[in-house]
Amino acid sequence: MAADLKLQGQKTSGDSRTNGGGDLCNIPCLRLPKPLGYGIIALTSLTCYMNSLDYDLVHDDVFAIKENSDVRPDTSLYNLFMNDFWGKPMWSNTSHKSYRPLCALTFRMNYMIHGLNPFGYHAVNIILHCMVSLLYTFMCDVVAFKSSVLALFAGLLFTTHPVHTEAVTGVVGRADVLACLLFLLSFLSFVRSTRERTYWCNMYTILCVMFGSMAMLVKEHGITVFGVCVIYDCLLIHKKLIWRFITNRAELPLESETVKPLLFRIIILSTTVVALMIFRVWMLGGHLPYFTKQDNPASFSDSLATRIMTYWYLIAFNSWLLLSPSVLSYDWQMGSIPLVESLWDSRNLATLMFIVIAVLLVYSSVVSNKTDPEEQDILVLSLALLVVPFLPASNLFFRVGFVVAERILYVPSMGFCLLIVCGLNRLASFARSDRTIFNTDKTNNGQRTKASTFSEASSTTKLLQKTLLLVFFMLTGLFCWKVIVRNRVWRNRESLFRSGVETLPHNAKAHYNYANFLKDVGRSKEAVHHYETALRLAPDHVSTHNNLGTLLENNEKAMEHFYQAIRHDPYHANSYFNLGTRLAALKRLPEAEAMLKKALGLNPSYLDAVMNIAGVLSDQGKLVEAEEFYKKALTLEPQNADAHNNYGVFLGKMGQTTKALEKYKTALKLNPSHSVALVNMARQLRTSGNIHDAEKTYKRALSIKREPSTLQLLGVLYYHNNQLKEAEATWKEALQLAPSNVETRSNYAILLSRTNRLSEAVNILKGLVQDDPQNLAHYKTLAGMYAQKGQVKESLQVINNALELHGGDADLYFHQGNFYKDLKNMQEAQKCFMLALQLDPEHFSAHLNLGVIFHLEGNYAEARFHYETAAKLNPNDNTLKQNLAKLQRLEKRSQK
């Protein structure tokens, strides 16, 4: 029995130990030296996952590593032990409440060695999986099978099982792999403690407690190792004693040397579990983790029957994933597995079949007298390893934040692999049953029959063994191939999220995640399609409404999606924020202010909301309040370069040039690559007349990133500084990077006209008018260039075309009047200037030109009226002053 096992002193070449009559382990070709067997496990483990070494950090890796400040060496270790797995304080109501400081510590060690290079993170995961596979094989050898051959089979099955790809290839899966390693160390320490006496027994028990506690600090379900230890102690080591106590109701002999260590170990483990649970509850900070309906739809169902049927089906589904991992997905949330809402749902048959098989296994392992005792021990250990670690994910004790998670099956799969190998060994022994059929026949004839039958049985056994071996190695080979292929899904964000859509096209979350990727890489049309698909599958998905709204150009449709998001979740701060920014873009500033302040009220540390509120207040002229919000942003994150940059822009608008430049310098000190701060600083320097430093600053920004917008601004600086060759070269480069940029094309055309290349300039402006017919400035500039060429009629035609499209613009009528004036058609010119004044009574130039026309016609009263009106608008205009003086002299002469 398992109680007779030892963890040392075994042979290294071949293995004569057998289990249940031998069978598979008696095949000569499989009696490998132990080091070779472990070498095969290690090599297979590395072969399966070697192709994942150069993959990116994707999905949850981004939040747990890239965006987690606790992983950075410059962050206090205290924070790492007070925050959750994602870097949020455990006491915060926004925390995920997943407390895994030891796993985060390994990420921190990775970061200290090689930063964010994914290679090291993947390498550690692969090495850990290799170590777990070796340790698991060792455990199977010395605790379960008492056969290195069967242990090798179990180890091969475990190391190649495709359901492990998420845990090993996804870097955050390290929590499950490392927890499994500590789980095995804890369990093996406990097994050793059952074979030792006094001092050493206590030492190994302490080791068990230490490794088990560490497993819990790596992944929550690591604590379940103590449950497996108790089951092993009671149902394997002290099975007869416990069974006699249950059936005969006899009192336990408390003074017995057998019972005292049992009670000691149970008390130690129970106390440890209670202490760890108290600590874990204390770390929750008084808040349970917050999950949404999308995370775990069954737990939000109002129907108790639906919850029960769905939970049981999910257990059966997880079992099927272990048995047939043909369909795997990185995400099983939302509509991936519909709720079981009817008793007549065909999936209940799968649940029923699972329950029947589970009951039969429990009966065979605990109750049945026909099962071999050693086989019963293996079944008990298998079921304990399979069931107990899975219990926290079963929704039995508390709601979990997922429907199915493949990495959760990493630890339970140890029990599954034991069961499979045990079953194969049992199958191999069926043909041997003929050996005992004829044992009662003592006649010579009977003896001959027995010998004949034994020979027949032996032949059948060998054939069956070979068949089972072939099937097993084909299965592990298929598993190995499946793992290598499945790994490719985790290569980068695109391959991972696209795989979700391809595998589970009815999963709204898969479409949502893929759309997020498409949005990030600028493939907006595809992103909109997948967001809309996600909403068809899950109309109440808040984040999809919010993200879709950010992509839509139609303001009304975009804001409707933000309102939908708020309707489904009134506490979704991002939706209020995005609605506020859209309202601000539409100049509906009071509404924008209200929405942004609502977002800030829901999330007081929402830095983007604080900075946008400051901007909206500034645009409304509420400068004092705006400055308070800029300062609040710096209080929230004093090391945030964006906050300093934005405050600098505000100070520049306020005319506080020195302070603005100081803020830009602070932003650049915090982030020397902050090109936006450099550009803003250059603008400020140019405004203050420091052209040389402005030029150097623009060039520094361009050394970081050759942005077309920065080149455009540098070109403007050169143009106004009469460095026309430099301006032309700069704008040409800007147009190479962004050929359709309207502002650069327009400025380049103006430069061409200034250097008398009018035909080229006209061609560019014609293209601008054609590409952007709503922009009136293009019409005016094109008309001016025609006039510069002396083609006044063409100028007039351009303005007439503009008026057909945009009637009602005072400037267009003014330009039309000017061109009529140039053509000596004063009557039409007068009409145009009058139309301009009807639209804009304070149009200075229209008043001035009308005054000139009336002046020339001798209508001095009308001329004086328009001159004096123009003088009120711009009293310092020299032309106006001269015209008024001439008019005054003419009036005096006419009076004489």
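Counting from 1, the numbers follow the sequence of the chain as shown.
Here Ile691 contributes atom CD1 and Tyr718 contributes atom OH; the two are 11.0 Å apart, rounded to the nearest 0.5 Å. Separating the CG atom in Leu579 from the CG atom in Leu596 is a distance of 8.5 Å, to the nearest 0.5 Å.
By the 6.0 Å and 45° rule, Arg754 stacks over the aromatic ring of Tyr719.
In the displayed structure, Lys881 atom NZ is contacted under 6.0 Å by more than 12 heavy atoms of other residues, nucleotides or ligands. Atom CZ of Phe63 is surrounded by 12 or fewer heavy atoms from other residues, nucleotides or ligands within 6.0 Å. Around the NZ atom of Lys597, the shell of radius 6.0 Å holds more than 12 heavy atoms that belong to other residues, nucleotides or ligands. Within 6.0 Å of the NZ atom in Lys789, the count of heavy atoms belonging to other residues, nucleotides or ligands exceeds 12. More than 12 heavy atoms of other residues, nucleotides or ligands lie within 6.0 Å of CD in Glu857, so this atom counts as buried by the packing criterion.
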Report task. Could you go through the side chain to side chain contact (heavy atoms under 4.5 Å, CB included) check for Glu842 and Leu837 one step at a time? Result -> CA-CA 7 Å; Glu842 296 184 351; Leu837 288 176; over 6 Å; no

Report task. Could you walk me through whether Lys780 and Val798 pass the side chain to side chain contact (heavy atoms under 4.5 Å, CB included) test, one step at a time? Result -> CA-CA 8 Å; Lys780 297 171 187 176; Val798 170; over 6 Å; no

Query raised in the report: When you look at Leu685 and Lys696, which way does the side chain to side chain contact (heavy atoms under 4.5 Å, CB included) test go after all the steps?
Result: CA-CA 10 Å; Leu685 288 166; Lys696 285 173 60 179; over 6 Å; no

Report task. Apply side chain to side chain contact (heavy atoms under 4.5 Å, CB included) to Tyr531 and His561, showing your working. Result -> CA-CA 11 Å; Tyr531 279 135; His561 281 290; over 6 Å; no

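Between His541 and Tyr512, the ring centre distance stays below 6.0 Å. Between Phe833 and Phe814, the ring center distance clears the sub-6.0 Å criterion.
Under a 4.0 Å N-O distance rule, the pair Arg523/Glu494 qualifies as a salt bridge.
The heavy-atom pair separating Ser575 from Val542 by the smallest distance is OG-CG1, 4.4 Å.
Among residue pairs with one or both ends in residues 817-836, those qualifying as side chain to side chain donor-acceptor pair (under 3.5 Å) are Asn818-Asn849; sequence neighbours excluded. Residue pairs meeting the side chain to side chain donor-acceptor pair (under 3.5 Å) criterion with at least one member in residues 602-621, sequence neighbours excluded: Asn574-Tyr606, Glu593-Gln620, Asn603-Ser605.
For Asp693 and Asn690, the side-chain atoms include at least one donor-acceptor pair closer than 3.5 Å.
Here the options are Leu711, Leu678, Leu714, the test is side-chain contact (heavy atoms from CB on, under 4.5 Å), and the partner is Tyr698; only Leu714 passes.
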